[in-house]
Amino acid sequence: MTRTSVLNQIHLFLPSKDSSKSTVFNLRLKDQDCLSLLKRCKSMEEFKQVHAQMLKLGLLCDSFCSNNLVASCALSNWGSMDYACSIFRQIEDPDTFVFNTMIRGHAKDASFEEAFLLYYEMFDRGIEPDNFTYPALLKACPALLKACAQRRALEKGMQIHGHIFKLGLEVDVFVQNSLISMYGKCGKIELACAVFELMDQKSVASWSAIIGAHASLGLWCEGLMLFGEMNREGCWRAEESTLVSVLSACTHLGSFDLGRCTHGSLLRNISGINVIVETSLIDMYVKCGSLEKGLSIFQNMAKKNQFSYTVMISGLAMHGRGREALRVFSEMFEEGMIPDGVVYVGLLSACSHAGLVKEGLQCFDRMKYKHGIDPTIQHYGCLVDLMGQAGMLNEAFELINSMPIEPNDVVWRSLLSACKVHHNLELGEIAAKNLGQLKSHNPSDYVILSNMYARAQRWEDVARIRTEMVDKGIEQKPGCSLVEVKRKVHKFVSQDMSHPQCHGIHEMIHQMEWQLKFEGYSPDTSQVLLDVDEEEKRERLKAHSQKLAIAFALIHTSQGSPIRIARNLRMCSDCHTYTKYISMIYEREITVRDRYRFHHFQNGTCSCSDYW
DNA sequence: CTAGGGTTAG
């Protein structure tokens with residue numbers, strides 16, 4: 001029913017000049033009719049009008065009706081908690097029902113404090129909470145978490161858990177699922193697991209919650225293992241929300257094949273994939289290296305939300321397609337969506353990867369002045385990156401000095417690597433000094449600086465950095481590479497030869513080396529900052545995780561099939577060169593995702609044009 | 001009339 005027709009119906013119920021007519025209608029109008037009328041409202045404004053007129057007629061006064069009214073305002077997508085509160089406060093004897101609704105409404109609005117105050121008010125008034133109260137309340141804990149108070153959120157959550165015990169409620173599956181989710185979101189995976197394991201009846205939602213908890217904490221392999229366990233143990237068919245977490249795990253692990261399978265199972269088993277699932281699919285395809293597939297899902301979506309746009313924009317950014325990211329952004333704007341800080345992080349990084357300096361600076365201004373978003377350190381980080389990569393080193397440095405927030409290590413590191421690319425040792429030293437003061441002992445910072453000294457032939461300084469690293473006990477963080485072969489993700493850690501098929505890999509590497517040498521490759525040992533001889537350096541270089549992963553993939557995949565690798569760190573320049581050669585010699589397309597972007601290797605060249 | 005599980009950057 002449209003809005004006008006709801007209002008037209010109201011007029012029938014209003015007292016009219018013709019008193020006989022109004023009496024007839026008044027007699028026929030019951031509370032139930034009013035409620036169903038109110039349920040059809042599509043906006044707060046409409047609801048208020050209708051409600052006011054109902055009150056004039058002296059209707060909707062009992063607790064059942066009030067509860068319904070509060071539920072409409074608090075839980076519908078057009079509702080307003082303010083109005084819900086005003087109705088709620090007029091209720092003389094609020095019951096557990098209406099308290100539950102109000103708490104849930106506050107949780108939905110991410111206002112934890114209000115939710116918790118209502119909970120205490122229940123005790124003061126002697127109203128007993130029930131099994132419906134706790135899921136609502138537990139849902140509010142992550143809201144508190146969002147306000148940057150992890151410790152407090154957890155404390156509150158545990159306090160609630162304690163109350164549930166004390167009240168001696170029979171804890172049902174809903175409450176348990178909420179507990180799992182709450183502990184998961186507050187970063188306490190062991191507590192989430194404890195609740196999960198103690199459950200005697202697990203629902204699909206319980207599995208979703210525990211898998212989601214693992215996935216959101218970066219325990220992706222564990223999440224996938226639980227998914228396997230769920231499939232073995234249960235007779236349920238996984239639902240969309242479980243598969244969303246599975247897809248998210250695939251995304252982070254770069255598990256293209258498993259992701260594609262999950263997509264297939266969604267298509268087979270579920271009619272009409274919803275926005276959230278579609279968004280996770282886009283994210284999965286894009287971050288597993290298939291931008292085109294992601295784009296095609298995006299373009300065919302019936303409904304897009306804030307997340308969909310954010311995912312697409314940051315995806316385009318990772319692949320260096322800045323112009324398209326800007327176009328998707330304007331599309332989002334035309335759809336009437338209000339961009340948030342996260343979209344702008346994606347947009348700014350898109351500009352920086354594509355070298356769109358002017359556009360990036362415009363975006364930054366637009367964000368601040370048009371959308372009133374206070375730039376966070378991430379936004380400044382993108383901006384420093386943007387300027388630095390474009391060679392505007394002094395401007396970047398000035399920006400850091402004039403920022404209203406304290407620069408962090410990421411910002412200084414951005415400047416440092418820009419200085420390396422554009423050979424500005426002087427500024428590089430300043431950046432490195434600031435990194436040192438931040439006590440951020442990231443080994444790659446030392447490597448970069450030392451390489452810069454080496455380029456300037458300042459060998460004493462190179463030696464000084466090395467000693468400093470030894471003195472501080474800084475070792476290069478082991479790199480790790482993930483590669484998927486026959487739907488199984490294999491993890492390789494630099495220098496680690498514990499893979500079951502280590503022997504074969506070793507032989508393959510040996511064979512590869514001969515061919516590489518023949519084509520003119522020579523190892524670049526300048527990346528190895530260890531006080532060992534050249535031979536040892538070459539050995540260490542050979543055992544970089546990316547090379548192990550490539551060797552493994554070459555052995556176990558068929559000739560000509562693409563290889564996809566996901567890494568935890570940036571690639572070293574030796575691995576970059578090495579992979580270019582391999583793509584040519586073995587005629588393979590190799591896609592490597594590092595921490596910042598994608599590299600597509602083919603026929604001896606890389607899509608990043610050797611600039612990253 | 002009220003309930004559980006899900007997607008994004010760094």
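These numbers come from a predicted model, not from an experiment. In what follows, every heavy atom counts, from backbone to side chain, and hydrogens, waters and symmetry copies are set aside. We name chains A, B, ... by the order of the sequence lines, and we start the count at 1 in each one.
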Near DNA chain B, which residues from residues 321-341 of chain A have a heavy atom under 4.0 Å away?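 DNA chain B contact set from residues 321-341 of chain A: none.
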Residues in residues 156-170 of chain A with a heavy atom under 4.0 Å of DNA chain B, by number, are none
Separation of [N] [atom2] from [X] [atom1] (nearest whole Å):
X: A:Leu316; N: B:dA9; atom1: CG; atom2: P; value: 14 Å
X: A:Leu266; N: B:dT7; atom1: CG; atom2: P; value: 15 Å
X: A:Met284; N: B:dT7; atom1: CE; atom2: C1'; value: 13 Å

Salt-bridge contact A:Lys304-A:Glu331 (side-chain N to carboxylate O under 4.0 Å): yes
Does the side chain of A:Lys287 get closer than 4.0 angstrom to OP1 or OP2 of B:dA9 through an N or O atom? yes
Give a yes-or-no answer on whether the side chains of A:Tyr134 and A:His163 include a donor-acceptor pair shorter than 3.5 Å.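 Result is no, nothing qualifies.
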Mind checking what makes side chain to side chain contact (heavy atoms under 4.5 Å, CB included) contact with [X], not counting sequence neighbours?
X: A:Asn77; value: none
X: A:Lys166; value: none
X: A:Met81; value: A:Ala74, A:Ala84, A:Met102, A:His106, A:Asp109

All side chain to side chain donor-acceptor pair (under 3.5 Å) counterparts of A:Asn305, not counting sequence neighbours: A:Ser308
Contacts of A:Thr133 that satisfy side chain to side chain donor-acceptor pair (under 3.5 Å) - sequence neighbours left out: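 A:Thr133: side chain to side chain donor-acceptor pair (under 3.5 Å) contacts with A:Asn100, A:Asp130.
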Using residues 343-350 of chain A as the side-chain source, report each donor-acceptor pair under 3.5 Å to any protein atom, sequence neighbours left out, with the distance given to one decimal.
residue	atom	partner	partner atom	Å
A:Tyr344	OH	A:His371	ND1	2.9
A:Ser349	OG	A:Gly346	O	3.2

Sequence neighbours left out, cut at 3.5 Å: what donor-acceptor pairs do the side chains of residues 87-94 of chain A make with other protein atoms?
residue	atom	partner	partner atom	Å
A:Arg89	NH1	A:Glu121	OE2	3.0
A:Arg89	NH2	A:Glu121	OE1	3.1
A:Gln90	NE2	A:Ser86	O	3.4

For A:Val342, which contact category applies under a 4.0 Å heavy-atom criterion: base, sugar-phosphate, or nothing?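 Base: the residue A:Val342, judged by heavy atoms under 4.0 Å, touches a nucleobase.
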Who are the salt bridge (charged side-chain N to carboxylate O under 4.0 Å, His left out) partners of A:Arg260, not counting sequence neighbours?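 If we apply the salt bridge (charged side-chain N to carboxylate O under 4.0 Å, His left out) test to A:Arg260, skipping adjacent residues, the hits are A:Asp257.
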Can you check each nucleotide of nucleotides 1-6 of chain B against protein heavy atoms at under 4.0 Å and return B for base, S for sugar-phosphate only, - for none, in 5' to 3' order? BBBBBB
Extract all donor-acceptor atom pairs below 3.5 Å that involve side chains of residues 178-187 of chain A and protein atoms in other chains or at least two apart in sequence.
residue	atom	partner	partner atom	Å
A:Ser178	OG	A:Phe174	O	2.9
A:Ser181	OG	A:Lys185	NZ	3.3
A:Tyr183	OH	A:His161	ND1	2.7

